[in-house]
There are 2 protein chains.
Amino acid sequence: MSANKKLTIEDIAKKAGVSIKTVSRVFNNAPNVRQQKRDIVLGVARDLGYQPNISARQLASKRSFVISHFHDNPNTDYVSEIYEGMRRACSEEGYYAVAEKLNPQKGSYRQSLLDYLLRFEVDGLILSPPVSDDQAVIREIEKREIPYALISPGKKKKRAINVFIDEKGAGRSITDYLINRGHENLAFLSGLNSHAASRQREAGYWEAIEEAQIPKKNAVRLSGDFSMRSGFTAFDMLVKKAPKTTGIFAANDEMAIGLIVAALGKGKKVPEDLSVVGFDDSPFARAMWPSITSLAQPVDEMAHLSTKKLIGWIHSNILEQSRFEFSTKIIERGSCP
Amino acid sequence: MSANKKLTIEDIAKKAGVSIKTVSRVFNNAPNVRQQKRDIVLGVARDLGYQPNISARQLASKRSFVISHFHDNPNTDYVSEIYEGMRRACSEEGYYAVAEKLNPQKGSYRQSLLDYLLRFEVDGLILSPPVSDDQAVIREIEKREIPYALISPGKKKKRAINVFIDEKGAGRSITDYLINRGHENLAFLSGLNSHAASRQREAGYWEAIEEAQIPKKNAVRLSGDFSMRSGFTAFDMLVKKAPKTTGIFAANDEMAIGLIVAALGKGKKVPEDLSVVGFDDSPFARAMWPSITSLAQPVDEMAHLSTKKLIGWIHSNILEQSRFEFSTKIIERGSCP
DNA sequence: CCAACGTTTGACAACGTTGTCATCTTAGCG
DNA sequence: CGCTAAGATGACAACGTTGTCAAACGTTGG
């Protein structure tokens, strides 16, 4: 909460020659304050280093100034990046960012949410995969009319902020990238099929294959589950099912790493014998050797924007725009230069 | 961030036939309340599902009920585990857990801290490496008399909660583990030398070597920087400097992975030709193939305990015990069975 | 049985904001 | 120039706790 020492709205009011209510208005960007007074108040506040006391605000306004991120994703890099984007936005707006890892062992996501809401008040929620696709959770949130944002949801919601990338388009562009580099025998290494994103990426893969008129028999699908190990074992499958494959598109970086490690272990050279493109541009994609060509989505910015828009929604009580698409970029690295 | 609906201390007081102050005392575990009344109040509160309103508490008591974790560690798994332990403890005690990644680009850690404290009030701080070794930061905290905890500090502080493992002992036990498995040519792959932990682990390594009377020429030190890539390049150095080495102790898992990947790429077999033990028991140690034998420290518990003790300190204003040592365990896996 | 003292209890004023509503300005218009 | 409506401003009561301090209650020893 509050600030430096013990400056209150009253000190500012006195010094600025206005009432405390006017100061309050200024700090809440409320209408009906003459620009001139606004400037004076802001000037005085800056000079004195005033920061509003959050607790008092919470108490008086019955808002919590808390935005909570609900997640259950084992990928801590991803979660951290979301948290960082959120934190940045919250910090700009005077909100608190908190994160809550849902524990599926404690019953459903829905139950975890209910437990949480019983104990804490939040002004807004941010859900990321796989929680962002749990319709039971979403129903509870909508029932309570809590503003919320969905990051990369499988199914966009009308009454929510949706931030996402074009998963199918991303799948296409990775596949095209491989094709343009002369690969004629391709493989897609899928993630968990229950994740909408994996299915959409795959759809893009097939679309690109078709469009490039690559014979179906020269393109395979290997199933994985997003884990490093599943990438590792997928390599054996690849050798068996499609030994001529030279270009691989893995639905995430971890599987790409697993597959590369397996390939190196069997004496294959990457990228000479086998080119691999991953997805997510995770820190490991950079750190590995060979480093991994990967499609980057601006997770930090997605979280930042959704938090900003969420706070806007909370303040105005109006959801202006519900869909925000972000563009992606293939980061060229060693595994498929 | 209050509760369920709109129950206040007054509702409880009325129903229990006492004054609001007594209810307040009960909820703060304050002394001088007859046990009988205490039970009545707690009973009523439970029946009605009352939760105290945190904002009002904050405002009236001038406490913030916020514990903040200051960190700057690129290992998001580690940071997340700390956050989770903290969050659990905070949740049990009705506190908020927040995390702040310090940005060294914005000047010193000290400056980041000052900026933060100017904007937010916290009741306690938790520092983890490398921030837990920044004496300038610690000085500022002590100057303000904010209770704080250090996780794995290089230098324990008298007026703080210190939670740690025996780094040197851990280094010894990993080295002994390798020696007991018959390895006679060993290597230690160091982390950044500026990290006290790396130096201590190395000290344990040499102690074990000496005690086992292994000739100094059969034991080498390779320098790394905790990054995967440094593990990768360390392999070349190993081949050059000590090709007979069969047992390797890496100061963290990432370097162990890098080294293993390099070795596999050169046709070496792990663990047959080269056995590797890592440090941290990170998720990747489990996921890799071969999975990596690694020394696990109970990070979650360390964070949980330090948060609990910190809150105790905040409440009683007395620091009862300042040092808490945790024990570690080598998790046997494929890279050195 | 009473004085003296510690323990328990409660009334009421903070805490620093925002909400409500009344009042004072200002601008627009005939 | 006067009237009206809209805009700007402020006084004061919430908000739900804890802090302070005084009063009531119990217990002990004489």
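Residue numbers start from 1 in every chain, and the chains themselves are labelled A, B, ... in the order their sequence lines are given, proteins ahead of strands.
The A/Ala60 side chain lies nearest to C/dG16 when the options are C/dT7, C/dG16, D/dG10. When the nucleotides D/dG10, C/dC15, C/dG10 are ranked by their closest atom to the side chain of B/Lys62, C/dC15 comes out on top. Closest to the A/Arg57 side chain, of the nucleotides D/dG10, D/dT18, C/dT18, is C/dT18. For B/Lys21, the listed nucleotide lying nearest its side chain is D/dT20; candidates were D/dT20, D/dC15, D/dT9.
Summarising the geometry, the separation between CD1 on A/Ile54 and P on D/dT17 is reported as 19 Å, rounded to the nearest angstrom. Atom CD in A/Glu121 sits about 13 Å away from atom C1' in D/dG16, given to the nearest Å. A/Gln36 has its CD atom 12 Å from the P atom of D/dA8, to the nearest Å. Taking atom CD of B/Gln58 as the reference point, atom C1' of C/dG16 lies 12 Å away to the nearest angstrom. The nearest whole Å value for the distance from the CZ atom in B/Arg25 to the C1' atom in D/dT20 is 10 Å. We find that CD1 of B/Ile9 is positioned 12 Å from C1' of C/dG10, with the value rounded to whole Å. One atom, CG of B/Asp11, and another, P of D/dC15, lie 11 Å apart when rounded to the nearest Å. Distance, B/Gln51 CD to D/dT17 C1': 15 Å, rounded to whole Å.
At the phosphate of C/dT18, OP1 or OP2 sits under 4.0 Å from a side-chain N or O atom of A/Ser24. Note on A/Ser61: every side-chain N or O is 4.0 Å or more away from OP1 and OP2 of C/dT18. Regarding contacts with the backbone of C/dT9, every side-chain N or O of B/Asn32 stays at 4.0 angstrom or more from both OP1 and OP2. Dashed line: the shortest gap from a side-chain N or O of B/Ser19 to OP1 or OP2 of C/dA11 is not under 4.0 Å. Distances shown here put every side-chain N or O of A/Thr22 at or beyond 4.0 Å from the OP1 or OP2 atom of D/dT9. In this structure, B/Tyr50 does not reach the D/dG16 phosphate: none of its side-chain N or O atoms is under 4.0 Å from OP1 or OP2. For B/Asn28, a side-chain nitrogen or oxygen approaches OP1 or OP2 of D/dT18 to under 4.0 Å. The shortest distance between the side-chain N/O atoms of B/Thr8 and the OP1/OP2 oxygens of D/dG16 is not below 4.0 Å.
Each of B/Ile20 and A/Leu59 lies near DNA chain C, and the nucleotide nearest B/Ile20 is the one positioned closer to the 5' end.
Under the side chain to side chain contact (heavy atoms under 4.5 Å, CB included) rule, A/Ile146 has a single partner from A/Ile314, A/Asp123, A/Leu117, which is A/Leu117.
Ring planes of B/Tyr116 and B/Phe70: perpendicular class, angle over 60° (limits at 30 and 60°).
Side chain to side chain, A/Glu121 and A/Ser64 fail the donor-acceptor criterion of an N or O pair below 3.5 Å.
Taking the six-membered ring where the residue is Trp, the centroids of B/Tyr96 and B/Phe65 are separated by 6.0 Å or more. Taking the six-membered ring for Trp and the full ring otherwise, B/Tyr50 and B/Phe27 have centroids separated by under 6.0 Å.
Because its NZ or CZ atom is not both nearer than 6.0 Å to the ring centre of A/Phe324 and within 45° of the ring axis, A/Lys309 does not count as a cation-pi partner of that residue.
Below the 3.5 angstrom threshold, one finds no donor paired with an acceptor across the side chain of B/Arg34 and the base of D/dG26.
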